[in-house]
Number of protein chains: 2
Amino acid sequence: MPLTSITEIRKQEILKAFYQIAISEGVENSSMAKIAKVLEVQPSLIVHYFKTKEDLVSALIDYCLERYFQIFEEEFSRPGTPSLKIKNLIERLFSKEWNDLFDDGVFYSCYSLIFRSDDIKSKFKILHEGLRKKLSLIIESYLEFKGEDKSQAEQLSHQVFTLVDGSYYFINMLSTKKEQALHLESAKKLAQTLLKIR
Amino acid sequence: MPLTSITEIRKQEILKAFYQIAISEGVENSSMAKIAKVLEVQPSLIVHYFKTKEDLVSALIDYCLERYFQIFEEEFSRPGTPSLKIKNLIERLFSKEWNDLFDDGVFYSCYSLIFRSDDIKSKFKILHEGLRKKLSLIIESYLEFKGEDKSQAEQLSHQVFTLVDGSYYFINMLSTKKEQALHLESAKKLAQTLLKIR
DNA sequence: CAATTTATTGAACACTCATTCAATCAATAA
DNA sequence: TTATTGATTGAATGAGTGTTCAATAAATTG
């Protein structure tokens, strides 16, 4: 059961190597053979831990989605007033840190698989719904805290995520870090306006 | 020069077949051999028209980007007051028609390539900047028409595209057509509010 | 310790891939 | 008509793919 078992360590190693190769060469150009080469191991060993290539991709996506969840969970369970919580969360959602959680190229490659794999689609869906739900709860208690109508919490949560996802798509088409930071800042401002923060 | 030349017809046929295969099997699982099979032709003929597989992908992206540009251009050059123009444009941007212009799976696959190919990155960049610029101009004349401060036209254009891109990412994670339509409607409303339409 | 399970090797499989090349066939031009 | 160009074939190449399988080494368990 412990992560220290050889099996879990090896799986983690393989996944890490896969991720690195996917970053530099793309998910579609990654292969069991390449992973084996990096780890200086026989290809058949990769198969021993991940029966098929699909398993490998599936595990990579799990790893990716867990990272997003983790950060969110972390901020969610921090102490503080609803006002402070929502403020901090918005800061993190529109930050470089959130963007750097997982390589964008690998992420969009994986995302594109949802259109052909129901299994992968449901994974992404669970993540997406989970995050929306959590944000929605925070917004709800924040509105309640301010004595405002909390019935629109869910809609606000959707709007914020639309801005987040749209922004990260957007900034990859900007050339300089400065432009990217500016757009992120502008989108954050809009989110804060919608939530009437400050 | 005419599109009726055999070369152009063949290229178009090949591209169309490539697109169809990419839709059902994914860009990464498409191959010259598969295209050849569909067209009942030798693989070497595909090479005759597209030297490498990269050329093929590049041409597919051009085809995709042209479609988006075309629709936008069409609406842009229509007669009417700035108010009417902006209203119609927003309707189209948040419509099923805009979403169906190009297969989402293929689109995101292609998009993910920008992180490893400067050539592809610049193609997407040109599209993105072009569309933003056009929308910005329309917003500008719309604000001028209403006698309002037009200095924020560019920012509004960015915000609208962030909402559009974020929404299409978002709705792929919704199960039913109804939910998708609802979210699209909600995002459109927000865009209209930002632009103070109606 | 012996027994058994797990980790790892190494060779082999059938397949698909992008690309090449020379050989034909058809269309166009001089 | 002949010369030339472009369209198409068909066979071949070498490299890479995911996967299988039996054999061996190492670790774990009884």
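Convention: sequence-line order gives letters A, B, ...; per-chain numbering from 1. It should be emphasised that the depicted structure is a prediction, and the values quoted were computed from it without experimental measurement.
Residues in residues 35-54 of chain A take part in no side-chain hydrogen bond (donor to acceptor under 3.5 Å, both in side chains) pair, two or more places apart or across chains. Sorted by first then second residue, the side-chain hydrogen bond (donor to acceptor under 3.5 Å, both in side chains) pairs that include residues 116-128 of chain B, not counting sequence neighbours, are A:E28-B:R116, A:S175-B:K125, B:S58-B:K123, B:D62-B:K123, B:H128-B:R132. The salt bridge (Lys or Arg N to Asp or Glu O under 4.0 Å) analysis of residues 94-112 of chain B, with sequence neighbours excluded, yields the pairs B:R92-B:E97, B:K96-B:D100.
Sorted by residue number, the list of members of residues 106-117 of chain A with any non-hydrogen atom under 4.0 Å from DNA chain D is empty.
Partners of A:Y142 by side-chain hydrogen bond (donor to acceptor under 3.5 Å, both in side chains), not counting sequence neighbours, listed by chain and number: A:K146. When the side-chain hydrogen bond (donor to acceptor under 3.5 Å, both in side chains) test is applied to A:E25, the partners found at least two apart in sequence or on another chain are A:K34. Qualifying side-chain hydrogen bond (donor to acceptor under 3.5 Å, both in side chains) partners for B:S109, counting only residues two or more places apart in sequence or in other chains: A:S112. Residues satisfying the salt bridge (Lys or Arg N to Asp or Glu O under 4.0 Å) criterion with B:K150, sequence neighbours excluded, are B:E144. Scanning for side-chain contact (heavy atoms from CB on, under 4.5 Å) contacts around A:S151 gives A:D149, with sequence neighbours left out.
One atom, CG of B:L45, and another, P of C:dT24, lie 18 Å apart when rounded to the nearest Å. What separates NE2 of B:H48 from P of C:dA26 is a distance of 16 Å, to the nearest Å.
Over its full length, the helix from C:dC1-D:dG30 to C:dA12-D:dT19 turns its helical axis through 10°, comparing axes from the five pairs at each end and rounding to 10°.
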Letter per nucleotide, 5' to 3', of nucleotides 10-30 of chain D [B base touched, S only sugar-phosphate touched, - untouched; heavy atoms, 4.0 Å]: B------SSBBB---------
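Dashed line: the shortest gap from a side-chain N or O of A:Y49 to OP1 or OP2 of C:dT8 is under 4.0 Å. Using a 4.0 Å cut-off, some side-chain N or O of A:R10 falls inside it from OP1 or OP2 of C:dT8.
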Distance-only donor-acceptor pairs under 3.5 Å for side chains of residues 181-195 of chain B, two or more places apart:
residue: B:H183; atom: NE2; partner: A:T162; partner atom: OG1; Å: 3.1
residue: B:K188; atom: NZ; partner: B:E91; partner atom: OE1; Å: 2.8
residue: B:T193; atom: OG1; partner: B:K189; partner atom: O; Å: 2.9

